Amino acid sequence: MNLYKYVSDSINEKLGFKANLETPKNRDFGDFSTNAAMVSAKTEGKNPRELAAQIAPKLQELDFVENVSIAGPGFINIKIKNDFILQNAVAPKQMIATKPLTIDMDYGAYNVAKSLHIGHLRTSIVGDTFNRITKFLGHKTFSWNHIGDWGKPMGLIIAWIERLHPELPYFQDDFDPKTPVDYEIDEKELNNYYPSASAFAKENSEFQARAQEIKAKFQAGHPGYFALYEKFLAISLRTMNNTVQRLNILPFDYDLGERNAAKYLEPVEQILRAKNMIYESDGAQVINVKRDTDTAPMPPYMWRDSRGADTYDSTDLAAVYCRKQVDNPDRIIYFTDLRQSLHFEQLFRAADMSGIYPYDKFEHIGYGTINGKDGKPFKTRDGNAAGLDDIIDIANEAVKARVAESGKKLDDETIKIIALAAVKFNDLLHDVKSDYIFEPSAITSFEGKTGPYILYTAVRLNSVLKRANGDFSKPHEYALTTEERSLLIEIMDFEKTLLSAYENRATDMIANYAYDLCQLTNNFYHNCPILRDDIPTDIKAGRLYIAKLAFDTLSTAIDLMGLKIPSEM
RNA sequence: GCGCCCAUGGCUCAAUUGGAUAGAGCAACAGAUUUCUAAUCUGUGGGUUGCAGGUUCGAGUCCUGCUGGGCGCGCCA
């Protein structure tokens, strides 16, 4: 049961108007409080405490209310009956949305032939968790990994391979796709091609021009370039799949990016031309997305650059058109770096103006950067910008060291699970749009508000449940201790938390909830022994029931965060 | 120059979207273990919420101005 909703609805019905229900910061005041008296005192010109005194007796009549009190300037505090809490607390399960939506979520956005950078970590983790929460609430979602598989980098990579292996037949204009070619690309080498080529192109204009020429011919359908492209694309897709597994995120519904979107450029261009939206500016084909109300300069949306090539502006718009055709979503949500805000503002306007997709159904969730202690983007020990793998490796080493220090023996798989939890939980814990500081030392200590703490709580609960090996049925009567009571109320708060996390697009809420739940669970665990010999049977049964509820709730939260519970730690 | 975001104990972050005495973790100090897993639990100290005004019963939260930081501003994605 969603206790908050139940109490709120009951109170509104009883009072005949909508009262604002809150859970006091200080739980000593009560389980819930309402400022109804203060709000209506204002409109009615009456004394709030007098009004509260009139309202309170009505609330006292509700069968789940233990007592009602008036405090401060006119707060009405409500305490819920223990038995009501015990009888109605349930473990969360998949919900049915009252108004189910279809939502396209764009996150991941991995690149072909380019190892994942640190930013991919946040888009993957936050996007995945938000996706899971949305599904859990009963909405239909489609996740799109909008792969960078079409633009300028492809030209550079092909040009680079041409430079390394000019003898390969792919570079001949009359290449026959059926020709068998004895050439394999090494995955690790492939990841270096783009950075190397990109750097080389900057100082070598001849190579730069060659890459551009290749890109144009490639996009026009050059068979040899395309055959080569398909070769490294396959490797990249495999790498991406490994990343998905390594991060334990849900498989994407679509691994379709720029190349796929490019197929929709023509119909989109027809729409734009029909509306006279495209005009020439400095040799490029652009769309004006300014509004009269703009106070900031609004650059035009770049449909084609001055060389006539697609841009990421055009493929992004085409991708929207594609999604409209394929999923017909009620909303499209992008999870990308905050710095792309202007681009998305332009995209949303262009889509809206062209009638392809309405402005108010788009959302851009921009995330901040992961920084080191110095406040600048996190670097590895050798001073290079850290990649996604670096982060996970660093966490792995830290966990391994900590485990060795403790004298415990955990297998590599368990260590990986713990390290990933450390990284992911830490990421989810922070407000999406703000930068956060990644401190390996904070993870090394494994104390406090961390992923390992969450897992540890689940593991020790699980250990009791396994050991009990009994049934966990609800007791008819059981006198709750304060620890048990607080824990059950927190469990009943789960649904409300999920709804807020969804509505606010705030994945940190689930992480913070999980932490609070763990604190209360550990408190319960510590103060309410279950399987000890001196514990009477009825108390044992009651506590086992509560422990099971706590475990089910916690494991659901853990699952929504894309973490795994190890068998021991 | 224009625009967006941010500023909360020594450090890293919260604060139910305007509510009561601003909460957690780390670090510091003091305790708890014949263990259902101590990667745990309990306690103590630590704050003029960057500064100055304003709005109202009530402001960390809203409005204005300042100070200090981050980011963005047509052919890279």
Side-chain angles (χ1 to χ4, degrees), chain A residues 4 20-26 28-29 33 35 38 41-42 48 71-75 77 109 111 148 151-153 198 258 281-286 294-307 309 311-313 315-316 336-343 345-346 366 368-369 371 373 375-376 399 402-403 406 408 418 426 429-431 433-437 439 441-442 445-450 452-453 455-457 459-468 493 496-497 500 504 508-509 512 515-516 518-519 522-523 525-532 535 543-544 547 568-569:
Chain A
Y4 175 87
N20 182 25
L21 189 71
E22 301 172 343
T23 60
K25 275 178 197 160
N26 187 343
D28 293 340
F29 287 123
S33 78
N35 58 7
M38 284 142 74
K42 197 173 186 178
F75 288 103
N77 293 318
N111 293 312
K152 179 181 161 194
S198 183
E258 295 166 349
S281 170
D282 292 340
Q285 305 285 308
V286 302
D294 284 339
T295 49
M298 180 57 64
Y301 200 60
M302 190 69 48
W303 181 252
R304 281 187 198 288
D305 67 20
S306 48
R307 289 191 305 273
T311 67
Y312 93 125
D313 283 0
T315 49
D316 266 12
T336 79
D337 194 307
L338 199 59
R339 288 173 290 196
Q340 293 188 40
S341 298
L342 180 58
H343 165 68
E345 177 62 24
Q346 292 182 294
T369 45
N371 293 334
K373 264 186 129 166
K376 291 179 178 156
V399 173
R402 177 66 185 85
V403 168
S406 73
K408 290 187 181 182
I418 297 170
N426 183 257
L429 194 57
H430 294 85
D431 179 19
K433 55 182 181 300
S434 60
D435 298 347
Y436 75 80
I437 293 179
E439 245 183 285
S441 61
S445 79
F446 289 129
E447 263 150 30
K449 213 165 179 175
T450 64
Y453 174 78
L455 297 189
Y456 178 75
T457 308
V459 166
R460 70 199 310 217
L461 261 188
N462 201 19
S463 169
V464 174
L465 296 177
K466 269 192 260 178
R467 203 176 281 258
D493 229 18
K496 182 185 167 227
T497 304
S500 307
N504 293 294
D508 57 310
M509 286 187 180
N512 277 301
Y515 178 74
D516 291 342
C518 284
Q519 276 206 316
N522 280 316
N523 208 309
Y525 184 93
H526 195 261
N527 289 297
C528 308
I530 303 171
L531 300 179
R532 238 166 46 188
I535 303 296
R543 288 181 177 170
L544 265 180
E568 59 166 342
M569 69 182 279

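First the proteins, then the strands, lettered A, B, ... as listed; each starts at 1. In this text, all values refer to a predicted model and were calculated from it rather than measured experimentally.
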Using both distances under 3.5 Å as the test, list the Watson-Crick or G-U wobble partner of [N], or none.
N	value
B:rA15	none
B:rA28	B:rU44
B:rC2	B:rG72
B:rA22	none
B:rU37	none
B:rA59	none
B:rU64	B:rA52

Taking the side chain as every heavy atom from C-beta outward, state whether [X] and [Y] have any pair of such atoms under 4.5 Å apart.
X	Y	result
A:Met298	A:Glu345	yes
A:Arg543	A:Leu531	no
A:Pro299	A:Leu342	yes
A:Met302	A:Val286	yes
A:Asn426	A:Glu439	no

With a 4.0 Å cut-off on heavy atoms, is [X] in touch with a base, just the backbone sugar-phosphate, or nothing at all?
X	value
A:Lys408	base
A:Tyr301	nothing
A:Tyr525	base
A:Met569	base
A:Glu447	sugar-phosphate
A:Cys528	base
A:Ala442	nothing
A:Ser500	nothing
A:Thr295	sugar-phosphate
A:Asp435	sugar-phosphate
A:Asn111	nothing
A:Thr457	nothing
A:Asp28	nothing
A:Glu568	base

When you match A:Pro153 and A:Met38 each to their closest nucleotide on RNA chain B, which lands nearer the 5' end?
A:Met38

Take A:Asn512 and A:Val464, find for each the nucleotide of RNA chain B with the closest heavy atom, and name the residue whose nucleotide sits nearer the 5' end.
A:Asn512

Between A:Gln519 and B:rG25, is there a side-chain N or O to OP1/OP2 distance below 4.0 Å?
yes

Side-chain N or O of A:Asn504 closer than 4.0 Å to phosphate OP1/OP2 of B:rU17
no

Counting side-chain heavy atoms from C-beta on, which of [options] comes nearest to [X]?
X	options	answer
A:Val459	B:rU37, B:rC36, B:rA20	B:rU37
A:Asp305	B:rC75, B:rA77, B:rA39	B:rC75
A:Asp431	B:rA39, B:rU37, B:rA14	B:rA14
A:Tyr453	B:rC41, B:rA24, B:rC73	B:rC41
A:Asn77	B:rC13, B:rA20, B:rU40	B:rA20
A:Asp282	B:rA24, B:rU42, B:rC75	B:rC75
A:Lys25	B:rC41, B:rC13, B:rA20	B:rA20
A:Arg467	B:rU12, B:rC36, B:rA77	B:rC36
A:Tyr456	B:rU37, B:rC73, B:rA77	B:rU37
A:Asn35	B:rC41, B:rG19, B:rG25	B:rG19

Could you work out the separation of [N] and [M] based on their [atom1] atoms and round it to a whole Å?
N	M	atom1	result
B:rC41	B:rC36	C1'	15 Å
B:rA27	B:rC11	C1'	8 Å
B:rG1	B:rG9	P	29 Å
B:rC57	B:rC66	C1'	30 Å

Rounded to whole Å, how long is the line connecting atom [atom1] of [X] with atom [atom2] of [N]?
X	N	atom1	atom2	value
A:Tyr4	B:rU17	OH	C1'	12 Å
A:Asn20	B:rU16	CG	C1'	10 Å
A:Gln285	B:rC75	CD	C1'	12 Å
A:Glu345	B:rC4	CD	C1'	11 Å
A:Met509	B:rA24	CE	P	19 Å
A:Leu465	B:rC36	CG	C1'	10 Å
A:Gln340	B:rG72	CD	P	11 Å
A:Asp313	B:rC75	CG	P	10 Å

Paired with A:Asp316, the side chain to side chain donor-acceptor pair (under 3.5 Å) test is passed by just one of A:Gln346, A:His343, A:Gln340, namely A:His343

State the syn/anti category of B:rG31 according to its glycosidic angle, syn meaning within 90° of 0.
anti

Tell me whether B:rU17 sits syn or anti, counting syn as a glycosidic angle within 90° of 0.
syn

Stacking between A:Phe75 and the base of B:rA20 (centre distance under 5.5 Å, interplanar angle under 30°)?
yes

Would you say A:Phe29 stacks on B:rA20, if stacking means ring centres under 5.5 Å apart and planes within less than 30 degrees?
yes

Return the orientation label for the A:His430 and A:Tyr436 ring planes: parallel under 30°, perpendicular over 60°, tilted otherwise.
parallel

Is there a side chain to side chain donor-acceptor pair (under 3.5 Å) between A:Tyr456 and A:Asn522? Walk through the geometry before answering.
CA-CA 10 Å; A:Tyr456 178 75; A:Asn522 280 316; over 6 Å; no

With a 6.0 Å cut-off (strictly less than), is the heavy-atom count around NZ of A:Lys496, excluding the residue itself, greater than 12?
yes

Closest non-hydrogen atom pair between A:Val403 and A:Ser406, with its separation
O-OG, 2.8 Å

When you measure only distances, ignoring hydrogens and angles, does the side chain of A:Thr311 come within 3.5 Å of the base of B:rA77 through a donor and an acceptor?
no

